[in-house]
Amino acid sequence: LIMGGDAPLDGPLDYGGPFVSLNGERVYPVPLNLQGQGDALEMMVPDKPVECDLGKRVRLLRGTQSKSKPLSVKHYWVRENDFQGLLMGNLPPVDSLIAEHHEVDTFNAVTMATKDRLYLYQAEPRVGIARNNQTRTVEVGRLFQTQHLRLSNDVSLDIEVTGLSDKKPHKWMSRLGAEGRLASINVIGKPSAMQAPDADKTTLGIILYLLTDAYLPAEPTAREWQPLPGFNQEEREEGTVWVGTLNGVTLCLHSAITGKPIREGGWSLQKRQPRDLKNLTPAGSCWYCTVENMPFQRAIETLHNSQIGKE
């Protein structure tokens, strides 16, 4: 299993993920179109068109309740079973959400939940110094800070790999990460995918949920901002929209909510130099669309559990 390097070195291997699992069940970032209202969650909906920097009549998302200041779901995760329920129209309960670590657990403070809540990791910030190996002295002013993450018990990382030789052992130990910490690697069968929802006569559109961070660069010839690769802006009767195609499905994008871009780089083992930094769209981002070239159900089955973007 090749864990580093550039894509051309991967040969016949193809990857999916990575995903986070807790006690053997996958967990995903809570979709950003959800927000907390008191002791429950609500799903935001497209608002009336307004003029902004993106267009003349853009539909932003808004909450459906105004009882109190909404709580952000950023830094929270949801179990796969509850995510499946969300696809079927059922909002997950607040007490089922899993915070990344205790310092961001705002829901716990509001709901006074038990102290036995599960967290995915503990943050361990560290300060380092640069040293001159020849003189064995510290380089003046050369300080740096990193933040290490220590996974909680029963938390693991899942990577789907196709094209791997059957001769590979099903369990072994290997060094992982920049510090070369020892990690246990297990080969297991691919878990069953979440089921796609069914469209009916009341279906007005679809919501695309991003499960993993994705590299979604605009086309090189694009003259304006593109919310998804190849999606171009149009002015229609209902407002400013973006029209494009994903996996053969022509979509009209009416509204979206995406998180702050994630800067990802790394080290190229092939070139022995840092990799170029890329802006990734974070998992949990959502796009509200209508379908223009096929029935809703066919579009859902085509896009469900599919890959978009270049990485």
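Predicted, not measured: the structure shown is a model, and the values here were computed from it. For the single chain, residues carry numbers from 1 onward in sequence order.
For the residue pair T302 and H304, no side-chain donor N or O sits within less than 3.5 Å of a side-chain acceptor on the partner. Side chain to side chain, S306 and N247 meet the donor-acceptor criterion of an N or O pair below 3.5 Å. For the residue pair Y215 and N279, no side-chain donor N or O sits within less than 3.5 Å of a side-chain acceptor on the partner. Under the 3.5 Å distance criterion, with hydrogens and angles disregarded, a donor-acceptor pair is assigned to the side chains of W77 and E100. At a cut-off of 3.5 Å, with distance as the only test, a side-chain donor of Q35 or E42 sits close to an acceptor on the other residue. A side-chain N or O of S21 and one of D158 form a donor-acceptor pair less than 3.5 Å apart. There is no side-chain donor-acceptor pair under 3.5 Å between E80 and Q84. There is no side-chain donor-acceptor pair under 3.5 Å between N81 and E25.
Of all heavy-atom pairs between V20 and L157, the closest is CG2-CD2, 4.1 Å. Annotation for N293 and T250: closest pair OD1-N, 3.0 Å, computed over non-hydrogen atoms. Here the shortest heavy-atom pairing between L86 and P31 reads CD2-CG, 3.6 Å. Nearest heavy-atom pair across A199 and I300 is CB-CD1, 4.1 Å. Taking all atoms of both residues into account, the shortest heavy-atom contact from L210 to P282 is CD2-O, 3.5 Å. What you find for C286 and G284 is that their closest heavy atoms are SG-O, 3.3 Å.
Remark: side-chain polar atoms of D200 are paired, donor with acceptor, to backbone N or O of T203 under 3.5 angstrom. At least one donor-acceptor pair under 3.5 Å links the side chain of S152 to the backbone N or O of Y119. Under the 3.5 Å distance criterion, the side-chain polar atoms of N33 are left unmatched by any main-chain donor or acceptor of L61. Side-chain atoms of N305 come within 3.5 Å of backbone atoms of M194 as a donor-acceptor pair (strictly under, hydrogens ignored). Checked by atom type and distance alone, the side chain of Q145 never pairs as donor or acceptor with a backbone atom of G128 at under 3.5 Å.
Taking the side chain as every heavy atom from C-beta outward, C252 and E292 approach each other to under 4.5 Å. In this structure, the side chains of L246 and L208 come closer than 4.5 Å at one or more pairs of heavy atoms. In this structure, the side chains of T240 and P49 stay at 4.5 Å or more apart for every pair of heavy atoms. Residues F144 and I129 have side chains not in contact (no heavy-atom distance under 4.5 Å, counting atoms from C-beta outward). Looking at L41 and L97, their side chains come closer than 4.5 Å, going by heavy atoms from C-beta outward. Between C289 and H254, the closest side-chain pair of non-hydrogen atoms is not below 4.5 Å. The side-chain heavy atoms of Q134 and R136, taken from C-beta on, include no pair separated by under 4.5 Å. Side-chain contact check for L204 versus T290: every heavy-atom pair is 4.5 Å or farther apart.
Going from atom CG of L54 over to atom CD of E224 covers 10.5 Å, rounded to the nearest 0.5 Å. Distance check: K260 NZ to S285 OG gives 14.0 Å after rounding to the nearest 0.5 Å. Taken from CD1 in I185 to CG in L176, the straight-line distance is 6.5 Å, to the nearest 0.5 Å. Atom CZ in R126 sits 6.5 Å away from atom OG1 in T146 (nearest 0.5 Å). The line from CZ of R142 to CZ of R131 is 13.5 Å long, rounded to the nearest 0.5 Å. Rounding to the nearest 0.5 Å gives a distance of 7.5 Å between CZ of R62 and OG1 of T64.
Taking a cutoff of 4.0 Å between a charged side-chain nitrogen and a carboxylate oxygen, R150 and E124 qualify as a salt bridge. Electrostatic pairing of E51 and R59 does not count as a salt bridge here, judged by no charged N lying under 4.0 Å from a carboxylate O. A salt bridge does not link E234 to R57: none of the charged side-chain nitrogens sits closer than 4.0 Å to a carboxylate oxygen.
There is a path of hydrophobic side-chain contacts, each under 4.5 Å, that joins V78 to L91. Taking hydrophobic clusters as Ile, Leu, Val, Met, Phe, Trp and Tyr residues chained together by side-chain heavy-atom distances below 4.5 Å, V58 does not share a cluster with V241. The hydrophobic cluster containing I206 also contains M294, counting ILVMFWY residues as joined when their side-chain heavy atoms lie under 4.5 angstrom apart, directly or transitively. When hydrophobic clusters are built by joining Ile, Leu, Val, Met, Phe, Trp and Tyr residues whose side-chain heavy atoms come closer than 4.5 Å, directly or via intermediates, I188 is not grouped with W172. The hydrophobic clustering, which links ILVMFWY residues whose side-chain heavy atoms are closer than 4.5 Å, places L149 and L120 together.
Other residues, nucleotides and ligands place no more than 12 heavy atoms under 6.0 Å from the CD atom of Q195. Counting non-hydrogen atoms of neighbouring residues, nucleotides and ligands closer than 6.0 angstrom, the CG atom of N186 exceeds 12 such neighbours. Counting heavy atoms of neighbouring residues, nucleotides and ligands inside a 6.0 Å radius, atom CZ of R263 exceeds 12 of them.
For Y121 and H101, the ring centers are positioned less than 6.0 Å apart. Note: F83 and Y209 meet the aromatic proximity criterion, with ring centroids under 6.0 Å apart. Ring centers of W287 and W242: at least 6.0 Å apart, outside the cut-off.
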Starting from the C-alpha separation in whole Å, work towards a yes-or-no answer on side chain to side chain contact (heavy atoms under 4.5 Å, CB included) for F296 and E301.
CA-CA 9 Å; F296 278 122; E301 294 173 353; over 6 Å; no

What's the verdict on side chain to side chain contact (heavy atoms under 4.5 Å, CB included) for N232 and V243, showing C-alpha distance, side-chain angles and the deciding distance?
CA-CA 5 Å; N232 297 313; V243 180; over 6 Å; no

Go through the steps to decide whether N153 and V155 satisfy the test side chain to side chain contact (heavy atoms under 4.5 Å, CB included), and finish with yes or no.
CA-CA 5 Å; N153 294 333; V155 173; over 6 Å; no

Should D213 and E264 be marked as a side chain to side chain contact (heavy atoms under 4.5 Å, CB included) after you check the CA-CA gap, both sets of side-chain angles, and the distance that decides it?
CA-CA 10 Å; D213 302 338; E264 183 181 84; 5.8 Å; no

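In summary, of the residues considered (L251, I308, V291), a side chain to side chain contact (heavy atoms under 4.5 Å, CB included) with L303 occurs for L251 alone.
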